[in-house]
> 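Here it is: the structure, laid out below.
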Amino acid sequence: EADPAFMEEQIRNVAEGKKNITDIHLIKGQELQDKGLNLFYSVGKSAQSDPRLVSVYYKGNPDSEKPIRLLLVRD
């Protein structure tokens, strides 16, 4: 089943070890609420594992200061 833990695992499998990935940051469970990310928490809390937000930091052009942001959502 594609619950939050499964989705985190898939993201890490794709991103880890890639040259231009500079960081992977995880916010999950109660920390989502503590940071005011109530929608993420509310939508994910019905899953079998804790709700989570996985941020992948990608630096495609090392000379650029502009970040690239991707949001992957599964409904």
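Everything numeric in this text was worked out from a predicted model, so none of it was measured.
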> Sort and list the pairs that fulfil side-chain hydrogen bond (donor to acceptor under 3.5 Å, both in side chains) and have at least one residue in residues 39-53, not counting sequence neighbours.
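As it turns out, the side-chain hydrogen bond (donor to acceptor under 3.5 Å, both in side chains) pairs with a partner in residues 39-53, which skip direct neighbours, are Asp3-Ser49, Glu8-Arg52.
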> Going by the side-chain hydrogen bond (donor to acceptor under 3.5 Å, both in side chains) test, which pairs reach into residues 14-26, not counting sequence neighbours?
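For residues 14-26, and leaving out neighbouring residues, the side-chain hydrogen bond (donor to acceptor under 3.5 Å, both in side chains) pairs sorted by first residue read Arg12-Glu16.
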> Looking at residues at least two apart in the chain, or sitting in another chain, which of them share a side-chain contact (heavy atoms from CB on, under 4.5 Å) with Asn38?
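With neighbours one apart ignored, the set is Gln33.
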> In terms of hydrophobic clusters joined by side-chain contacts under 4.5 Å, are Tyr58 and Val14 together?
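Per the 4.5 Å side-chain linkage, Tyr58 and Val14 are not co-clustered.
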> To the nearest 0.5 angstrom, please state how far the OG atom of Ser55 sits from the CG atom of Leu26.
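Result: 8.5 Å between the selected atoms.
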> Measure the shortest side-chain to side-chain distance between Glu9 and Asn13 over non-hydrogen atoms and say whether it is less than 4.5 angstrom.
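Counting from C-beta outward, Glu9 and Asn13 do come under 4.5 Å.
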> Does a side-chain heavy-atom distance below 4.5 Å link Pro51 with Leu32?
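Yes, at least one pair of side-chain atoms sits under 4.5 Å.
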> If Ile, Leu, Val, Met, Phe, Trp and Tyr residues are connected whenever their side-chain heavy atoms lie under 4.5 Å apart, and connections chain through other members, are Leu37 and Val43 in the same group?
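No: no chain of side-chain contacts under 4.5 Å links Leu37 to Val43.
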